[in-house]
Amino acid sequence: MVKIIEIKTHQRTELVDITESVAGAVKSSSVKEGTAYVFVPHTTAAVTINENADPDVKRDILMEMNKVIPFEGGYRHAEGNSAAHIKSSLFGAGLTVIIGGGKLLLGTWQSIYFCEFDGPRSRSFYVKIQED
Ligand code: ZN
């Protein structure tokens, strides 16, 4: 079973906490032990796990990514969003979280983030729940 979840992003670069959406897919699947695979079907977005407590962590990640990979960098790609393509590949299009006792086995301070690198846009991501 694959669940397709739509989201809207609101900034050019943004980390959107999607943990509750993924947890909802786990709950509705009734799977107690297994894995949740999250996949982002976009070439200028990605998915990652990082801290959910201090919002400055998200801010710092984006600030530093935008420094290392600036929006304008003498790129050749005519669409003008090479920085977003590069960031997408660095973060990656998918990740896996273990399910135990019917819950995502994330650390206390971990959340799953949809990474927008070329927003704002209407986006989607897939969640596949696999039972052990
Ligand atoms: Zn492009």
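Counting convention: from 1, in listed order, for ligands and their atoms alike. Note: hydrogens, waters and symmetry copies are ignored here, and every other heavy atom, side chains too, is used.
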Have Lys58 and Asn52 got a donor and an acceptor in their side chains that come within less than 3.5 Å? no
If every non-hydrogen atom of Pro41 is compared with every non-hydrogen atom of Ser124, which pair is closest and at what distance? CD-O, 3.2 Å
Please tell me whether Leu62 and Ile69 are part of a single hydrophobic cluster in this structure, the criterion being side-chain heavy atoms less than 4.5 Å apart. yes
Starting from Tyr75, can I reach Phe117 by hopping between I/L/V/M/F/W/Y residues whose side chains sit under 4.5 Å apart? yes
From the Zn ion (ligand 1), how many protein N/O/S atoms are found at a distance short of 2.8 Å? 4
Could you point out which residue of Val40, Val38, Thr48, Asp17 forms a side-chain contact (heavy atoms from CB on, under 4.5 Å) with Phe114? Val40
Distance-only criterion, 3.5 Å: show the donor-acceptor pairs between side-chain atoms of residues 88-110 and protein atoms not counting sequence neighbours.
residue, atom, partner, partner atom, Å
Ser88, OG, Thr43, O, 3.3
Ser88, OG, Ala45, O, 2.7
Gln110, OE1, Gly107, N, 2.7

